[in-house]
2 protein chains.
Amino acid sequence: MPEPRPPADGPPTLRDVAERVGVSAMTASRALRDDSRVLPATRERIRAAAAELGYRPNEVARSLRLGRGTGLVGLVVTNLANPFYSRLALGVDSVIVDDGFKTVIGNTGQDLDSERELVADLVARRVDGIIAVPASADQRHLAAAAADGVPVVLASRPPEGFDADCVLVDDFGGALAATARLITRGHRRIGFLGSPPAVYTGTERLRGYAAALAAHGLPYDERYVRQGQTEPREARRAAAELLALPEPPSALFCSNNRNTIGAFRALRASGTDTALAGFDDFELADALGLPITLVAYDSDELGRVAGRLLADRMRGRGSDSGKKPEPGPARRIVTRTSLVEYGS
Amino acid sequence: MPEPRPPADGPPTLRDVAERVGVSAMTASRALRDDSRVLPATRERIRAAAAELGYRPNEVARSLRLGRGTGLVGLVVTNLANPFYSRLALGVDSVIVDDGFKTVIGNTGQDLDSERELVADLVARRVDGIIAVPASADQRHLAAAAADGVPVVLASRPPEGFDADCVLVDDFGGALAATARLITRGHRRIGFLGSPPAVYTGTERLRGYAAALAAHGLPYDERYVRQGQTEPREARRAAAELLALPEPPSALFCSNNRNTIGAFRALRASGTDTALAGFDDFELADALGLPITLVAYDSDELGRVAGRLLADRMRGRGSDSGKKPEPGPARRIVTRTSLVEYGS
DNA sequence: CTGTTAGCGCCTTCAC
DNA sequence: GTGAAGGCGCTAACAG
């Protein structure tokens with residue numbers, strides 16, 4: 001039984017393999033990459049030695065030498081604990097892995113400074129592309145990355161101040177449809193619960209809500225609108241406040257699942273039969289024991305589309321062509337939403 | 001308005017900065033890293049030039065030259081869509097980011113081949129450490145990584161066939177406690193629903209369930225044990241089968257949240273008042289309208305502990321010392337669980 | 001204080 | 001079919 005491993009002062013290098021066979025590093029390199037001009041006999045000996053040593057080419061040296069990126073895709077999200085983003089991440093990964101890329105996930109916690117630092121760092125690490133869910137409309141760091149030649153794709157929020165591919169949910173349309181359904185069921189006073197105004201999706205969904213009211217000739221009443229809740233706890237309080245108004249709303253529309261869950265708890269506690277609708281489907285929504293209308297969409301698919309958009313831009317980089325991204329106008333893809341009814 | 005960027009044939013290099021100032025690359029390198037032995041005046045000119053060019057050191061070249069790793073930590077999980085793993089990932093990230101590391105997440109989908117490939121690739125990319133939730137007891141690829149000098153920490157499953165730090169949940173104790181509670185409430189026939197036998201946690205939790213039965217002099221009856229369900233849909237069917245037995249169990253214990261949710265749906269559909277207990281807390285467990293006992297634990301904390309264990313091993317690497325991991329015996333940390341009661 | 005040399009691990013180019 | 005140089009971008013180590 002031969003010594004299975006070198007004494008672990010770092011993984012074996014190409015030269016370790018070469019020396020073991022009594023051949024030059026160059027030949028080893030070629031043999032391991034199936035270069036035809038190498039004697040089949042020596043090739044086998046080299047492969048055997050590499051296997052024994054557990055040799056793997058150093059990807060760091062490789063990408064430096066090849067002048068390409070690292071085969072990594074940076075994914076910048078605001079909160080990985082939110083199932084929406086973990087599904088997105090999985091969708092991205094499932095697509096780009098086919099092209100030999102891996103995903104580096106960075107979590108920003110909605111903090112713009114973290115996001116800036118993270119993006120700069122990803123560029124410095126020579127990722128081949130970036131998929132980002134930007135925290136705000138200040139996207140100069142993303143624009144800078146794009147200017148450095150790193151393809152950038154935005155997910156769930158559109159680019160601001162520069163051009164980039166993006167994949168969006170039909171926030172406006174989905175919110176409009178859900179609100180409209182409440183209206184056609186006879187509701188006239190509909191409350192709105194949503195994320196802070198700075199969040200793009202929240203604002204679009206508020207616009208959809210408002211548009212539905214307008215389309216049916218109903219007034220937009222600020223007293224029924226509560227923005228700024230990020231957690232169910234806050235949403236629950238905000239919902240309770242609406243329910244305590246002299247003329248409480250007979251229905252609530254929530255712009256994301258955090259708010260929907262908070263509102264659900266408030267409704268349960270109040271005992272009223274206020275109707276509930278919200279953006280985002282979520283597990284167990286059907287098991288809550290009260291009717292609920294949700295705007296559903298496929299966040300895996302969102303990730304897959306983002307991954308494909310990026311993969312397109314990354315193709316053909318590095319061979320020659322000064323490793324610029326594939327040219328072409330920025331694309332904007334909007335994914336559909338659907339209404340689902342639970343517990344009716 | 002000066003040209004804000006070079007013509008984007010790749011980011012600017014150190015020499016671009018140096019030439020622009022009329023100084024050697026070495027001086028520029030020093031200036032940008034706050035090396036004291038450089039004239040403050042020139043240092044400022046260099047910094048200015050770097051800023052103008054948007055220069056960022058190439059981390060790829062850097063890590064090659066320094067002989068260290070890349071400042072990346074590889075995180076290998078089986079299913080990022082499971083909140084357990086996304087929380088784990090966040091916990092890991094929150095800790096190691098303080099030491100200047102970033103997280104590369106790889107998803108294996110419980111597939112051993114993917115896991116092998118992923119681990120080998122992470123090593124080839126010269127990550128500074130790996131945190132893994134291994135899919136099975138075949139962990140030779142992880143042992144190989146450790147032998148190559150890459151610190152490895154296991155989360156949620158113990159090392160098999162080699163030595164490594166690990167952080168575990170008290171699977172046995174938690175399952176025992178939950179099952180015992182059902183027994184003290186008078187249940188004598190308790191069904192078990194769990195993941196495939198190959199999954200370590202599932203097996204430990206089954207052991208805990210069996211131990212509770214034994215401790216109370218109750219028989220272990222295979223007809224009441226259903227292993228192999230991964231998704232709520234399958235779990236629901238398995239639970240329905242148990243409920244349809246001639247002598248159905250009066251309570252069910254489920255070894256993870258997928259099975260608990262499936263069992264919940266089966267119970268709801270059947271209309272029986274079968275008691276329900278399960279491993280893993282989950283959102284909305286309190287809103288399901290029936291009493292439920294859950295074994296709760298903190299998966300963020302699990303990630304943080306794993307991150308700290310790894311950070312310890314990575315410290316001091318690369319300076320000299322042949323970049324071996326910090327020595328010391330393998331540590332095994334078991335995190336506590338607690339029982340929570342909902343909807344009583 | 002600043003510059004020159006050399007090399008991390010690999011691969012393209014050009015010799016033999 | 002194989003090997004010897006040279007360099008990707010950066011920085012220790014040693015000059016000056």
Side-chain angles (χ1 to χ4, degrees), chain A residues 6 9-46 50 53 55-71 123-126 148-149 317-320 322-323, chain B residues 6 9-19 21-46 50 53 55-71 123-126 148-149 317-323:
Chain A
D9 49 270
T13 152
L14 189 56
R15 261 175 47 188
D16 297 337
V17 178
E19 282 177 8
R20 191 177 175 98
V21 183
V23 75
S24 85
M26 203 57 264
T27 312
S29 171
R30 286 199 264 255
L32 294 172
R33 274 174 311 122
D34 270 331
D35 191 308
S36 52
R37 350 166 268 223
V38 58
L39 216 52
T42 50
R43 200 185 61 182
E44 284 321 308
R45 284 168 53 221
I46 291 168
L53 262 47
Y55 170 77
R56 279 232 133 199
N58 182 334
E59 290 296 334
V60 173
R62 221 148 176 282
S63 40
L64 180 60
R65 174 63 242 248
L66 298 179
R68 296 180 308 192
T70 48
V123 173
R125 288 183 197 285
R126 296 306 187 265
D148 274 346
R317 275 160 55 84
S319 50
D320 48 320
K323 63 189 163 185
Chain B
D9 49 273
T13 156
L14 188 57
R15 262 176 47 191
D16 296 339
V17 178
E19 282 177 9
V21 182
V23 73
S24 85
M26 199 61 254
T27 313
S29 172
R30 285 199 265 256
L32 294 173
R33 273 174 311 124
D34 269 331
D35 190 308
S36 52
R37 348 164 273 218
V38 58
L39 216 54
T42 51
R43 200 185 61 181
E44 283 321 307
R45 283 167 52 220
I46 291 170
L53 262 47
Y55 169 78
R56 280 233 131 199
N58 182 336
E59 289 297 333
V60 173
R62 220 146 176 283
S63 37
L64 181 61
R65 173 67 243 241
L66 298 178
R68 293 180 310 192
T70 47
V123 174
R125 289 182 196 287
R126 296 305 187 267
D148 275 345
R317 274 162 53 84
S319 48
D320 48 319
S321 77
K323 60 190 163 180

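Hydrogens, waters and symmetry mates are skipped; everything else that's a heavy atom, side chains included, is used. Within every chain, numbering begins at 1; the chains are lettered A, B, ... in the order of the sequence lines, protein sequences first and strands thereafter.
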To the nearest Å, how far apart are [X] [atom1] and [N] [atom2]?
{"X": "A/Arg56", "N": "C/dG9", "atom1": "CZ", "atom2": "P", "value": "18 Å"}
{"X": "A/Met26", "N": "C/dT12", "atom1": "CE", "atom2": "P", "value": "7 Å"}
{"X": "B/Asp35", "N": "D/dA12", "atom1": "CG", "atom2": "P", "value": "9 Å"}

Tell me, what's DNA chain C's dot-bracket, Watson-Crick or G-U with both distances under 3.5 Å, | for other-strand, [ ] crossing? ||||||||||||||||

B/Thr42 vs A/Arg33, nearer the 5' end of DNA chain C by closest nucleotide: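 Counting from the 5' end, the first nearest nucleotide belongs to B/Thr42.
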
For DNA chain C, whose closest nucleotide is more 5', that of B/Arg30 or that of B/Arg126?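 Going by which nucleotide is closer to the 5' end, it is B/Arg30.
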
Name the closest nucleotide to the [X] side chain, picking from [options].
{"X": "B/Arg65", "options": "C/dC8, D/dT2, D/dA4", "value": "C/dC8"}
{"X": "B/Leu14", "options": "C/dC10, D/dC10, D/dT2", "value": "D/dC10"}
{"X": "A/Arg62", "options": "D/dG9, D/dT2, C/dC10", "value": "C/dC10"}

Which part of the nucleic acid, if any, lies within contact of B/Leu64, taking any heavy atom under 4.0 Å across all strands shown: a base, the sugar-phosphate backbone alone, or nothing?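 It contacts base atoms.
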
Within the structure shown, what part of the strands sits under 4.0 Å from A/Val60 by heavy-atom distance: base, sugar-phosphate, or nothing?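 A/Val60: no heavy atom of the nucleic acid under 4.0 Å.
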
Taking only Lys NZ, Arg NE, NH1 and NH2, and the carboxylate oxygens of Asp or Glu, determine whether B/Arg43 and B/Asp35 approach each other closer than 4.0 Å.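 Looking at B/Arg43 and B/Asp35, the cut-off is not met.
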
